[in-house]
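Let me begin by presenting the structure, written as structure tokens, before commenting on it.
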Amino acid sequence: MRVKSLGQSPKVLQMIEKKNKDGKLMKFTIQEIPEDRYEDAIHHMCTYFLVDEPTCQCLNAKNDPLFIQDITMLWRLLLAEDISVAAFVDNPNGGKSIIAGMTVLGIEVKNQKKKLSDYEFKSEKFKITYKLLSLTNMIYEHYEVDKYITGFGVSVNPDYRRYGLGKELLKVRDFIGSTYGVPATVITFTSIISEKLIAGMEYEELFSKNFADIVDKDGKEYYPNINSKTYKIMGRRL
């Protein structure tokens, strides 16, 4: 679902100055990701998200060409909805700004088929991960809404961690919701670290399952030895 008119400029949400715990001050521009930075965004997610996110880490996704092919297809389709957001910082060496952190966002609409539905995933490992994402559809009935903001990944470059960017990137859903008329949002969590970022944001738990209980028909774990205990879906009215 493309919510903006073609040619409409990406919106700057805010300019912020942040200090890390060592007192170093950085200035970030948090804005919707422009089309000419989509491939940089994909590169960022492949470089950092695939390495850090527990399910991707467990499945060794960064070294699986088919998994990468499938997940980048998903990211490109969501980026094309034109509401994903990044925190940009000036490049000290000159040239284009650096994506310090970003979140891939999309809008799900009840009874509306996404282009992704026509795509046949090649990676069996990614099919498992995508099936978990489809559980967020419970939000339609829970909040009695016909559309909601979803996402697939919040990621921060290690060089810019400890500035609170993860929390700022999660907060942008309020802006997206009010700007484009979307009444609810849902976030999936695979790590207790990322879950802590929404403290105080009034999210409620809609679904929870231990990774050890996510198994195939033969009882084999899909995510053996994952460095996380629980998969959670959290939701909120906007």
Side-chain angles (χ1 to χ4, degrees), residues 3-4 7-54 75 78-107 149-182 184-203 234-238:
V3 297
K4 298 197 296 189
Q8 187 176 344
S9 298
K11 291 181 172 64
V12 174
L13 281 62
Q14 59 179 325
M15 310 282 288
I16 59 174
E17 293 186 350
K18 290 275 191 177
K19 284 185 179 180
N20 66 9
K21 292 184 178 180
D22 298 322
K24 185 178 180 181
L25 181 68
M26 296 292 289
K27 296 180 180 180
F28 301 96
T29 300
I30 297 182
Q31 68 168 77
E32 294 173 340
I33 301 172
E35 188 174 357
D36 64 357
R37 300 302 302 271
Y38 285 177
E39 289 308 307
D40 293 330
I42 294 293
H43 177 73
H44 172 100
M45 295 297 284
C46 287
T47 303
Y48 305 115
F49 183 83
L50 292 185
V51 173
D52 295 331
E53 193 279 323
W75 284 331
L78 289 172
L79 285 167
E81 295 188 25
D82 232 3
I83 59 168
S84 294
V85 172
F88 292 93
V89 64
D90 287 342
N91 189 331
N93 300 317
K96 62 185 178 181
S97 57
I98 296 170
I99 295 177
M102 60 173 286
T103 179
V104 182
L105 300 173
I107 295 177
I149 299 170
T150 186
F152 196 79
V154 176
S155 174
V156 177
N157 180 325
D159 291 340
Y160 300 99
R161 290 174 186 170
R162 302 176 72 184
Y163 288 100
L165 292 180
K167 194 175 189 74
E168 294 293 340
L169 289 167
L170 287 172
K171 286 161 61 177
V172 302
R173 293 175 184 237
D174 289 280
F175 171 85
I176 299 298
S178 61
T179 301
Y180 301 114
V182 187
T185 187
V186 65
I187 304 178
T188 58
F189 289 104
T190 57
S191 164
I192 188 63
I193 296 173
S194 55
E195 188 181 337
K196 288 179 179 178
L197 294 176
I198 64 166
M201 292 189 195
E202 299 181 344
Y203 278 85
M234 309 284 282
R236 182 165 69 88
R237 286 189 181 276
L238 297 174

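Here the structure is a predicted model, which is why all the values come from computation and not from measurement.
A distance of 11.5 Å separates CZ in F28 from CD in Q14, rounded to the nearest 0.5 Å. In this structure, CZ in R162 is found 12.0 Å from NZ in K24, a value given to the nearest 0.5 Å. Between I30 atom CD1 and I16 atom CD1 the span is 3.5 Å, to the nearest 0.5 Å. Once rounded to the nearest 0.5 Å, the distance linking CE of M201 with NZ of K167 reads 4.0 Å. Atoms CE and CD1, from M102 and I42 in turn, are 7.0 Å apart once rounded to the nearest 0.5 Å. A distance of 11.0 Å separates CG of L165 from CG of L170, quoted to the nearest 0.5 Å.
Looking only at distances, no side-chain donor or acceptor of Y163 sits under 3.5 Å from a matching main-chain atom of M26. Checking side-chain atoms of R161 against main-chain N and O of G166 turns up no donor-acceptor pair under 3.5 Å. A distance-only check finds a donor-acceptor pair linking the side chain of W75 to the backbone of F152 [under 3.5 Å]. Judged purely by atom type and a 3.5 angstrom limit, S84 uses its side chain to pair as donor or acceptor with the backbone of L105.
Nearest heavy atom pair, residue M45 against residue V104, reads CE-CG2, 4.0 Å. The nearest pair of heavy atoms linking Y180 to I83 is CE1-CG2, 3.8 Å. T179 and K11 make their closest contact through CG2-CE, 3.9 Å (heavy atoms, listed as atom of the first residue, atom of the second, distance). Of all non-hydrogen atoms in G177 and I149, the two that sit nearest each other are N-CD1, 3.6 Å. Scanning both residues, H44 and N157, for their nearest heavy atoms gives CE1-N, 3.6 Å. Taking both residues in full, the closest heavy atoms of S155 and F49 are given as OG-N, 3.6 Å, listed atom of the first, atom of the second, then distance.
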For this session: Starting from the C-alpha separation in whole Å, work towards a yes-or-no answer on side-chain contact (heavy atoms from CB on, under 4.5 Å) for I107 and E81.
Result: CA-CA 8 Å; I107 295 177; E81 295 188 25; 4.2 Å; yes

For this session: Apply the test side-chain contact (heavy atoms from CB on, under 4.5 Å) to residues I198 and F189: give CA-CA distance (whole Å), side-chain angles for both, the deciding distance (0.1 Å), then the verdict.
Result: CA-CA 10 Å; I198 64 166; F189 289 104; 3.6 Å; yes

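Taking 4.5 Å as the limit, every side-chain heavy atom of D82 sits out of range of all side-chain heavy atoms of E32. Looking only at side-chain heavy atoms (C-beta outward), T190 and E53 come within less than 4.5 Å of each other. Residues I98 and F88 fail the side-chain proximity criterion, which asks for heavy atoms closer than 4.5 Å. In this structure, I33 and Y38 have side chains that are in contact, with non-hydrogen atoms separated by less than 4.5 Å. Annotation: side chain of D174 is in contact with side chain of L238 (closest heavy-atom distance under 4.5 Å).
Listed by chain and number, the residues in a side-chain contact (heavy atoms from CB on, under 4.5 Å) with S178 amount to none (sequence neighbours excluded).
Between D36 and K96 there is no salt bridge, since none of the side-chain N atoms of the basic residue sits less than 4.0 Å from a carboxylate O of the acidic one.
A side-chain donor from one of R37 and S97 sits under 3.5 Å from a side-chain acceptor of the other.
Atom CD1 of I193 sits in a sparse spot, with 12 or fewer heavy atoms from other residues, nucleotides or ligands closer than 6.0 Å.
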